[in-house]
Amino acid sequence: MRTGDLRTRACQVTDAVGPSTGAAATNFSSPKRKDMSLLKTIDTHPSFAPRESGPLPERLISGNPAFKTWVQDVARGDMIRTGVWEATPGETRSVKGETFEFCHILSGIVELTPEGGEPVVYKAGDSFVMKPGFVGVWKTIETVRKIYVIVM
């Protein structure tokens, strides 16, 4: 394929999937929004007070973990939640039910052990997903802070 053909194909792909960054994106016009509610930056060190809680008694395995949750966005009638969550060391049973959760570890260390599976360690910079039906053990080894996106 010649270079000109590649440029033509790239424009066709961009047109098919929507604008991207770069010069090609300037060809697309969209109304300017005064309201930035469709773009949300997650503050990893929020200045507002968190909701403080702990594990349900029936889910506590060991330790005395304390949880802090800074909910930063809710959408689709509370079906999608995004924010920052923190937990002190301890071990709990994790049951996702019908919930999908994406996590990005900001600090700390956790070990997740899926029921019937091997332990997996996650630390700062790691990301993972717990899909609906996940059941296992969440062990906070070092106080952990994560960004979460929950879809119910």
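Of the possible polar contacts, one joining the Arg145 side chain to the Thr44 backbone as a donor-acceptor pair under 3.5 Å is found. Put simply, the side chain of Thr88 gets close to the backbone of Ala66: a donor and an acceptor are under 3.5 Å apart.
Of the inter-residue distances, the one linking Asp73 atom CG with Ile42 atom CD1 reads 6.5 Å to the nearest 0.5 angstrom. Taking OG1 from Thr69 and CD from Glu86, the interatomic distance works out to 9.5 Å, rounded to the nearest 0.5 Å. Note: Lys146 NZ to Glu101 CD = 3.5 Å, rounded to the nearest 0.5 Å. From Ser107, atom OG reaches atom CD of Glu142 across 8.5 Å, with rounding to the nearest 0.5 Å.
Two residues are said to be in side-chain contact when any heavy atoms from C-beta on lie closer than 4.5 Å; Ile141 and Val110 fail this criterion. Taking 4.5 Å as the limit, some side-chain heavy atom of Leu60 sits within range of a side-chain heavy atom of Pro65. With contacts defined as side-chain heavy-atom distances shorter than 4.5 Å, the pair Met130/Cys103 qualifies. Side-chain atoms of Val151 and Met79, non-hydrogen and from C-beta on, never get closer than 4.5 Å to each other. Using a 4.5 Å cut-off on side-chain heavy atoms (C-beta onward), Gln72 and Thr82 make no contact. Side-chain contact check for Val137 versus Thr92: every heavy-atom pair is 4.5 Å or farther apart. Using a 4.5 Å heavy-atom cutoff, the side chains of Thr99 and Pro132 are not in contact. Side chains of Val129 and Phe100 form a contact here, defined as non-hydrogen atoms less than 4.5 Å apart.
Residues Phe128 and Phe134 share a single hydrophobic cluster, defined by chaining ILVMFWY side chains whose heavy atoms lie under 4.5 Å apart. Cluster membership for Val84 and Ile80, using ILVMFWY side-chain heavy atoms within less than 4.5 angstrom, is not shared. Residues Tyr122 and Leu106 are members of separate hydrophobic clusters, defined by side-chain heavy-atom contacts under 4.5 angstrom among Ile, Leu, Val, Met, Phe, Trp and Tyr. Cluster annotation: Phe48 and Val74 are assigned to distinct hydrophobic clusters (Ile/Leu/Val/Met/Phe/Trp/Tyr, side-chain heavy-atom contacts under 4.5 Å, transitive). Side-chain heavy atoms closer than 4.5 Å link hydrophobic residues (I, L, V, M, F, W, Y) into clusters, and following such links, possibly through other members, connects Ile150 to Phe67.
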**Item:** Intermediate values then yes/no, salt bridge (Lys or Arg N to Asp or Glu O under 4.0 Å), Glu115 and Arg93
**Value:** CA-CA 10 Å; Glu115 194 168 69; Arg93 186 160 172 72; 3.0 Å; yes
**Request:** Starting from the C-alpha separation in whole Å, work towards a yes-or-no answer on side chain to side chain contact (heavy atoms under 4.5 Å, CB included) for Arg59 and Val95.
**Result:** CA-CA 9 Å; Arg59 294 210 181 159; Val95 179; 3.6 Å; yes
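Closest non-hydrogen pair, Asp43 versus Ser47, comes out as OD2-N, 4.2 Å. Across Lys96 and Gly133, no two heavy atoms sit closer than the pair CB-N, 4.3 Å. Closest heavy-atom contact between Gly117 and Thr113: O-CG2, 3.6 Å. Across Val121 and Asp126, no two heavy atoms sit closer than the pair O-OD2, 4.2 Å.
Crowding of Glu98 atom CD: a count of heavy atoms from other residues, nucleotides or ligands under 6.0 Å not exceeding 12.
Each of Tyr148, Trp138, Phe102, Trp70 was compared with Trp85 under the ring pair (Phe, Tyr, Trp, His ring centres under 6.0 Å) criterion, and only Trp138 meets it.
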